[in-house]
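Here the structure is a predicted model, which means the values were calculated and not measured. Reminder, nothing fancy here: chain letters follow the sequence lines and each chain counts from 1.
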There are 2 protein chains.
Amino acid sequence: MKKTTRMKILEAASEVFGDKGYRAATVRDICKKAGVNQALINYYFNSKQQLYNEIFSSIVESVAGSYPLSDFVRPEMTKEEKLKGLVITMMNRAFGLHGIGGSKARLNILSREMIEPTDAMDMYLVTRISEIRAVGYAIVTEFVGDKMSDENKFRHVLSIVGQCMFPMFENKVLMKTDLMKEPTKDNMDIMVEHIYSFSLNALNGAVK
Amino acid sequence: MKKTTRMKILEAASEVFGDKGYRAATVRDICKKAGVNQALINYYFNSKQQLYNEIFSSIVESVAGSYPLSDFVRPEMTKEEKLKGLVITMMNRAFGLHGIGGSKARLNILSREMIEPTDAMDMYLVTRISEIRAVGYAIVTEFVGDKMSDENKFRHVLSIVGQCMFPMFENKVLMKTDLMKEPTKDNMDIMVEHIYSFSLNALNGAVK
DNA sequence: TAAAAAGTTATACATTTGTTTAATAGAAAC
DNA sequence: GTTTCTATTAAACAAATGTATAACTTTTTA
C-alpha cells in the first residue's frame with residue numbers, strides 16, 4: 001500500500017508536533033521530514049493550523065471513540081468489576097494511542113494539549129472528567145456507603161484517576177528511572193491489575 | 001518597597017511564560033505587561049533565553065531546596081510516619097509554588113517543563129524521581145515485607161507518587177469539574193491526609 | 001492522443017520576532 | 001557643578017516563518 005503525499009505529511013507532522021509542540025514545529029521541518037515540497041502543506045491542508053487540527057481531531061476521536069465508559073462499567077456488574085472497568089477505560093484511553101505506528105507522537109500531542117488546552121480541548125476534557133467523576137462517585141459509594149462525605153468520596157475518585165493518568169504525563173522519566181515499563185499491551189494489563197487491587201484495598205480499608 | 005525594572009520584567013515574564021509557554025511568549029508581550037521598553041530584556045538579561053533560564057532556575061531551586069526528603073522521612077520514624085512524610089514532601093513540592101504572589105505562573109512553567117523537559121530539567125527530574133523511588137521502595141518494603149516482588153513494590157510506589165503529582169498537571173480542569181479544590185494550605189493538608197490514608201489502606205490490604 | 005485536471009517545484013512575499021544601535025535622560029561620583 | 005556611569009527610549013536590523021504565486025510535470029479524462 002503506497003503512502004500518499006497527504007499521509008506522508010500527516011505522519012511527519014505528528015512526529016514533529018509531538019516532539020516540539022505546535023509553535024516550535026516549523027512547516028519547513030515537517031516537509032523536510034516528510035520529504036515533500038514546502039508548499040504542499042498549504043496545498044493539502046490550507047494552513048499549518050488546519051493540518052494540526054486534523055491531526056488533533058483524529059487523536060481525540062480515537063481516544064474518545066474507542067473506549068466508551070458505558071461498555072466497561074455496566075449496571076449488572078459487581079462493584080469490583082465496575083472498579084476494574086473504570087481502571088481499564090482510563091488506562092486504555094491514556095495509553096491506547098501509544099501502539100499506533102510504534103510512535104509516541106500522538107501521546108505527546110495529547111499530553112501537551114492537556115497541559116495547555118485549546119478551548120475545544122478544554123471543553124472536551126471537562127466533559128470526559130465530569131463523566132469519570134460521576135461514574136467514579138457511584139462506584140466509590142457502592143464500596144463505602146453513605147457515611148463518607150461527598151468531598152471525601154471525590155478525593156477517592158481522584159486517587160484512582162491519578163494513578164491511571166500520571167504515568168501518561170511522565171512516562172519518559174518514569175521509564176528512565178525504572179518506575180514504569182514500556183507501555184506494551186502486557187505491561188498495561190499488569191498495571192491495570194495493580195491499580196485495581198491497590199484501589200480495592202484502599203476502598204475496603206476506608207469502609208471499616 | 002519599590003519594584004525595580006528587573007523585578008517587573010521577571011514578574012511579567014513568569015506570567016507570560018506560564019500562560020503561553022516559552023516559544024509562544026514574545027518579548028513584546030512581556031515588556032508590554034511589565035510596562036517597560038522592549039530593549040530592556042536584553043539590557044538586563046542578555047536574551048530571552050537567559051531571562052527564562054533565570055526564572056526556571058529559581059523555580060527549581062525553591063522546589064528542590066524547600067522540601068528535602070530526608071527532613072520528612074527519617075530513620076527513627078514509624079513506617080506510617082514515613083509514608084506520610086513522603087506524601088507531605090511530594091505534595092509540597094508540587095503545590096508549594098502556588099502560593100507565591102497568588103499566581104499560578106510558576107506552577108504552569110514547571111508542568112510544561114515536566115512534559116517537555118530541557119536536558120537540564122531531564123537530569124533534575126531523573127535525580128528527584130530516583131530519590132523518591134528509593135525512599136518509596138524502602139517504605140513499601142516495611143509494610144509488605146519481602147514476599148512481594150520488587151516490580152510490584154515499585155508499582156505501589158508509582159501509585160503513591162501518581163496521586164500526589166497528577167493534580168499538579170491537571171489542576172485547572174480538575175478544579176473546574178469539582179474533583180479538586182483550590183490548592184490552599186488547608187486544602188493541601190486535607191489532601192495529604194487523604195492520600196496518606198488511601199495509600200495506607202492499600203498497603204495494609206496488600207500484605208494480608 | 002489531446003486537453004484538462006491534479007500534483008509538485010522553486011521562489012518570492014509579508015509578517016513576526018529576538019536583538020542591536022545610537023541617542024537621550026537620570027543618578028552618582030568627584 | 002561638571003563629569004561619568006547607569007538606565008531608558010525609539011527606531012532599525014536581520015533572521016525565521018507561514019503563506020502565496022507562477023511555472024512545470026504527471027495523471028486523468030474524453
Identify each donor-acceptor pair in which a side-chain atom of residues 126-135 of chain A lies under 3.5 Å from a protein atom, sequence neighbours left out, and give them as a table.
| unit_1 | atom_1 | unit_2 | atom_2 | d |
| --- | --- | --- | --- | --- |
| A:Thr127 | OG1 | A:Met123 | O | 2.8 |
| A:Ser130 | OG | A:Val126 | O | 2.6 |
| A:Arg133 | NE | B:Thr177 | O | 3.4 |
| A:Arg133 | NH1 | B:Asp178 | O | 3.1 |

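- Between the CG atom of B:Asn37 and the P atom of C:dA25 there is a distance of 15 Å, given to the nearest Å.
- A search for salt bridge (Lys or Arg N to Asp or Glu O under 4.0 Å) contacts involving A:Lys176 returns B:Asp122, not counting sequence neighbours.
- B:Glu193 meets the salt bridge (Lys or Arg N to Asp or Glu O under 4.0 Å) test with B:Lys84; sequence neighbours excluded.
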For nucleotides 21-28 of chain D, read 5' to 3', which letter fits each nucleotide if B means a protein heavy atom sits under 4.0 Å from the base, S means only the sugar-phosphate is that close, and - means neither? B-------

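- Heavy-atom distances under 4.0 Å link DNA chain C to B:Ala25, B:Thr26, B:Val27, B:Arg28 of residues 25-35 of chain B, given in residue order.
- Within residues 41-55 of chain B, the residues that have a heavy atom under 4.0 Å from DNA chain C are, in order of number, B:Asn42, B:Ser47, B:Lys48.
- Scanning for salt bridge (Lys or Arg N to Asp or Glu O under 4.0 Å) contacts around A:Glu76 gives A:Arg74, with sequence neighbours left out.
- For B:Arg23 and B:Arg6, each mapped to the nucleotide of DNA chain D holding its nearest heavy atom, the one lying further toward the 5' end belongs to B:Arg6.
- Panel note: side chain A:Ser62, backbone A:Ile59; a donor-acceptor pair is recorded below 3.5 Å.
- Residues passing the side chain to side chain donor-acceptor pair (under 3.5 Å) test with A:Lys20 are A:Asp29, sequence neighbours excluded.
- For residues 26-59 of chain A, the set of pairs meeting the ring-ring contact (aromatic ring centres under 6.0 Å, His included) definition, not counting sequence neighbours, comprises A:Phe17-A:Tyr52, A:Tyr22-A:Tyr52.
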Extract all donor-acceptor atom pairs below 3.5 Å that involve side chains of residues 6-13 of chain B and protein atoms in other chains or at least two apart in sequence.
| unit_1 | atom_1 | unit_2 | atom_2 | d |
| --- | --- | --- | --- | --- |
| B:Arg6 | NH2 | B:Glu54 | OE1 | 3.3 |
| B:Arg6 | NH2 | B:Glu54 | OE2 | 2.2 |
| B:Glu11 | OE1 | B:Lys3 | NZ | 3.2 |

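- Rounded to whole angstrom, the span from the CD atom of B:Gln38 across to the C1' atom of D:dA10 amounts to 10 Å.
- Sorted by first and then second residue, the ring-ring contact (aromatic ring centres under 6.0 Å, His included) pairs involving residues 158-190 of chain B (not counting sequence neighbours) are A:Phe169-B:Phe169.
- Checking the phosphate oxygens (OP1, OP2) of C:dG7, no side-chain nitrogen or oxygen of A:Thr5 falls inside 4.0 Å.
- Listed by first then second residue, pairs satisfying ring-ring contact (aromatic ring centres under 6.0 Å, His included) with a partner in residues 105-143 of chain B read B:Tyr137-B:Phe154, not counting sequence neighbours.
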